[in-house]
Amino acid sequence: MTATIVGFPRIGENRELKFITEKYFKHEATEEELKERAKDLRQHDRKLLLDSGLTNFTSNHFSFYDQMLDAAFLFNVIPENIAGLDLSDLDKYFALARGYQGKKGDVKAWPMKKWFNTNYHYIVPQFTADTDVKLAGTKIFDEFVEAKEDGTITRPVLVGPFTLLQLSEFHGCVKEDFVGAFIEAYARIFKRLEDLGANWIQLDEPSLVKDLDEKELALFKALYEPLLLQKGKLKVLAQTYFGDVRDAYDVLLKLPFDGIGLDFVEGRKTSELVERGFDDGKVLFAGVVNGKNIWRNNYQKTLDLLKKLNVKNLVLTTSCSLLHVPYTVASEELEEDVTKHFAFAEEKVRELVELDALLKNQSPEFLRKNAELFEKPRVLENAELHQKIADLNPEAFVRQPEFAVREKIQKQEFNLPLLPTTTIGSFPQTREVKQKRAAFRKHEISQEEYDEFIAERIDSWIGFQEEIGLDVLVHGEFERNDMVEYFGQHLEGYVFTKKAWVQSYGTRCVKPPIIWGDVSRKEPITVRWSVYAQKQTKKIVKGMLTGPVTILNWSFPREDISIKESTLQLALAIREEVLDLEKNGIRIIQIDEAALREKLPLRRSDWQSEYLDWAIPAFRLVHSGVKPETQIHTHMCYSEFNDIISAIDDMDADVISFEASRSNLEILDELKEKNFKTEVGPGVYDIHSPRIPTVEEIEQALHRILGKVKKEKVWVNPDCGLKTRGEKETKASLKNLTQAAQNIREEL
Ligand code: GLN
Ligand code: ZN
């Protein structure tokens, strides 16, 4: 083996898995159909890999929802209330992923968190003292056998025990309680795979790229020392990604792993570590092709790097799973001059094959052709914009007057009741909404017809919001396909793809636009529909924008300038939009920073200097120019904020709403402790599940919030936008929300 991949996308080139799974959820497809379709997809992907010239690759990178949830099921980490339900195994699995409400019971979904520094979200396994860890599933074996029967011996991939424990949550128990059981269960997997004819297993241990203390390293050793004694003839690859393993490098070398997978793209210290010395008895899986971004690899640079390493047994691979990039550039209709700079999953596989040939001194034309791409700069720079950014003075990053003064002014200005109710912005993007947009895009309906439709949607939902008594309304974002792409389309410097979907969680995919050049605002973006909506009601309608850090984090960024520079360009563009909204009578403006945390360095020691020091000021630059009485909201989702609470307060927004219900409102203690100044709307129910929260549940959540946060600071809202939900459940849920807020107001 000389070239391979860490993993491959699994949602399907045309999102086939998404569509069949969603059909299954709606009872429009059977379990057999779903499984059959999944099998076809796996087979299709294996063929694609083989056709691209790759002979060694993974299996079990496929998932019906998420690889962490797969591991939980494989190891029997299933709560009793699910285990006992009269549902098929697959439905139990989906119940933990999405919640289940039906004749057979009422189950809340497990929490979901961002997968390291990506926009993928994993399901967080929950351990209790009763959890009985043992080998209980067969998926990893089934998918190996399936490929084998097809003629390919694959390398099954599985989350390693260390990362599995590091990322899970423990209630009434600790990680260490499960070490013995995991060693036994993984050892049984080794044995079984060996019997089935596997040569290698890949255990993904991305947790090794974080800052690790002695205790954590001890846990790693406690797991692997005994486990690796039981590997028999099976070779074990410890695969890391998303950074370098500076704390664990020596431990990895000492343990009898057969292969070590390291990330040379994001791992700033990876080459330094390897140059210090590697073990000739091990294979280095060198992650040199970027698994996260979409630009072509610079072969000359890669070859120079590899030469420097001077390692005996080398396999070329991706820096992480290709899960994080779209399938293929071939599906795109962009000009050749643009697409020749892109490599998606399929093209990256070919890059590996070509690099492999070059390393073997074959096919020098690959190198020549590749070098042409990097001969001259790809884009012309906007010199004026660069100067503007260089000239920004410190005052541009500070809003006046200070928070406490504004808060008083705004309380008078808006005169809202205690516990004001609102939503996060979007309302259901029903089939009808999507169809109209598609028809408009294909010129099947006119601009007027489309606009009329959007206006009618807005009217109808403004009416509903008034009817149930929400306090701060939204227009519903019906005109937007996506909270980043919509903005990108109105900005200079962006390139858009047609089918470049990337899985975000479960069946949800996103299509990140590509930052191609310098970014600036071409025209007003949201003013028209915000102003329209505001005219339909006497209540306040929030303007709705996406913040610069999120736009950047949910785009494929440039690699020829820093992400800080791109973010400041975006901040100036959104700042113009904020001022435009204000000028047009919009009095509350929400600037979503859903993905603020996403690019936070994985090592805490780098947080401030490498990220927060410019990301937070970039947000402040967006709103520092508004009047004191204009209220700035922001929104964040799915992540742990506990450790960056102060940075969030430093964004200096007037109100923040965030995802909290799935993580059980844990964040409240931290808000109290840090004396959080910003008014807060911790989500009172989980919108990622079709479940309708009861009035009592929402009241309970509010009681918990009011136990920690002063009532004058509390807002009431769902935990995220409602675009993925159905209309019926959304209306029922929001009715319960306003009812619960009303009930608690009366108590207060
Ligand atoms: N305003 C956006 C919406 O409601 C926010 C989405 C998000 O946080 N992901 O859809
Ligand atoms: Zn959100």
Side-chain angles (χ1 to χ4, degrees), residues 111-114 118-121 421-430 433-434 437 457-458 461 465 470 472-488 502-506 508-512 525-526 529-530 533 541-555 574 577-578 581 586 588-598 619 622 632-641 648 651 653 655-663 667 680-689 715 717-727 730 733-734 737:
M112 191 155 60
K113 278 187 186 159
K114 282 184 196 298
T118 72
N119 182 29
Y120 178 80
H121 306 79
T421 52
T422 189
T423 62
I424 307 304
S426 60
F427 283 127
Q429 293 255 335
T430 54
V433 174
K434 288 186 199 149
R437 192 163 38 244
R457 290 283 73 205
I458 294 176
W461 279 89
Q465 295 174 84
L470 276 162
V472 173
L473 315 193
V474 296
H475 77 286
E477 302 181 23
F478 299 105
E479 76 287 6
R480 304 184 190 178
N481 40 354
D482 172 279
M483 64 185 284
V484 170
E485 191 174 87
Y486 184 74
F487 284 84
V502 178
Q503 190 176 18
S504 170
Y505 68 88
R508 283 275 290 157
C509 297
V510 293
K511 187 154 61 66
I525 307 171
T526 64
W529 289 121
S530 288
V541 180
K542 268 195 283 196
M544 199 56 64
L545 304 175
T546 305
V549 184
T550 296
I551 297 186
L552 179 104
N553 285 353
W554 283 351
S555 305
I574 302 300
E577 184 71 12
V578 166
L581 282 173
I586 302 301
I588 298 186
I589 302 170
Q590 179 171 312
I591 307 161
D592 290 329
E593 282 292 16
L596 184 95
R597 215 197 134 99
E598 211 158 276
F619 181 85
V622 174
I632 298 294
H633 289 214
T634 188
H635 165 74
M636 298 173 68
C637 30
Y638 300 128
S639 34
E640 305 147 62
F641 316 91
I648 293 174
M651 291 162 78
V655 181
I656 177 168
S657 60
F658 49 79
E659 190 275 342
S661 64
R662 254 194 173 196
S663 43
I667 193 175
V680 288
V684 293
Y685 77 88
D686 173 17
I687 66 91
H688 305 92
S689 148
W715 286 67
N717 45 260
D719 68 0
C720 196
L722 296 157
K723 61 174 166 257
T724 57
R725 294 274 61 92
E727 286 192 349
T730 297
S733 301
L734 289 178
L737 179 143

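Computed from heavy atoms alone, side chains included, the values below leave out hydrogens, waters and symmetry copies. In each ligand, atom 1 is the first atom listed, and ligand 1 is the first ligand listed.
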Please list, in number order, the atoms of ligand 1 under 4.0 Å from a heavy atom of Glu477. 1 (N), 2 (C), 3 (C), 4 (O), 10 (O)
Any idea which atoms of ligand 1 are less than 4.0 Å away from a heavy-atom of Gly425? 4 (O)
side-chain contact (heavy atoms from CB on, under 4.5 Å) with Ile687: of Ile424, Asp719, Asn717, only one passes, and it is Asp719
For the residue pair His633 and Trp715, is the inter-centroid distance of their aromatic rings smaller than 6.0 Å? yes
Do side-chain atoms of Ser555 reach the backbone of Ile551 as a donor and acceptor pair under 3.5 angstrom? yes
In the protein, what heavy atom is nearest to atom 2 (C) of ligand 1, and what distance, to one decimal place, separates them? Asp592 OD2, 3.3 Å
Please list the nearest protein heavy atom to atom 6 (C) of ligand 1 with its residue and the distance rounded to 0.1 Å. Met483 SD, 3.3 Å
May I ask you to decide if Val549's main-chain N or O and Glu593's side chain share a donor-acceptor pair within less than 3.5 Å? yes
Could you tell me the angle subtended at the Zn ion (ligand 2) by SG of Cys720 and SG of Cys637, rounded to 10°? 120°
If we only count heavy atoms from C-beta on, is the Thr423 to Leu470 side-chain gap below 4.5 Å? yes
Atom indices of ligand 1 within 4.0 angstrom of Met544 heavy atoms, with elements: 1 (N)
Can you list the residues that meet the salt bridge (charged side-chain N to carboxylate O under 4.0 Å, His left out) rule with Lys511, with sequence neighbours excluded? Glu485
What N/O/S atom of His635 is the closest to the Zn ion (ligand 2)? NE2
Looking only at protein heavy atoms, identify the closest one to atom 10 (O) of ligand 1 and say how far it is in Å. Ser426 OG, 2.7 Å
Between Ile424 and ligand 1, does any nitrogen or oxygen pair lie at a separation below 3.5 Å? yes
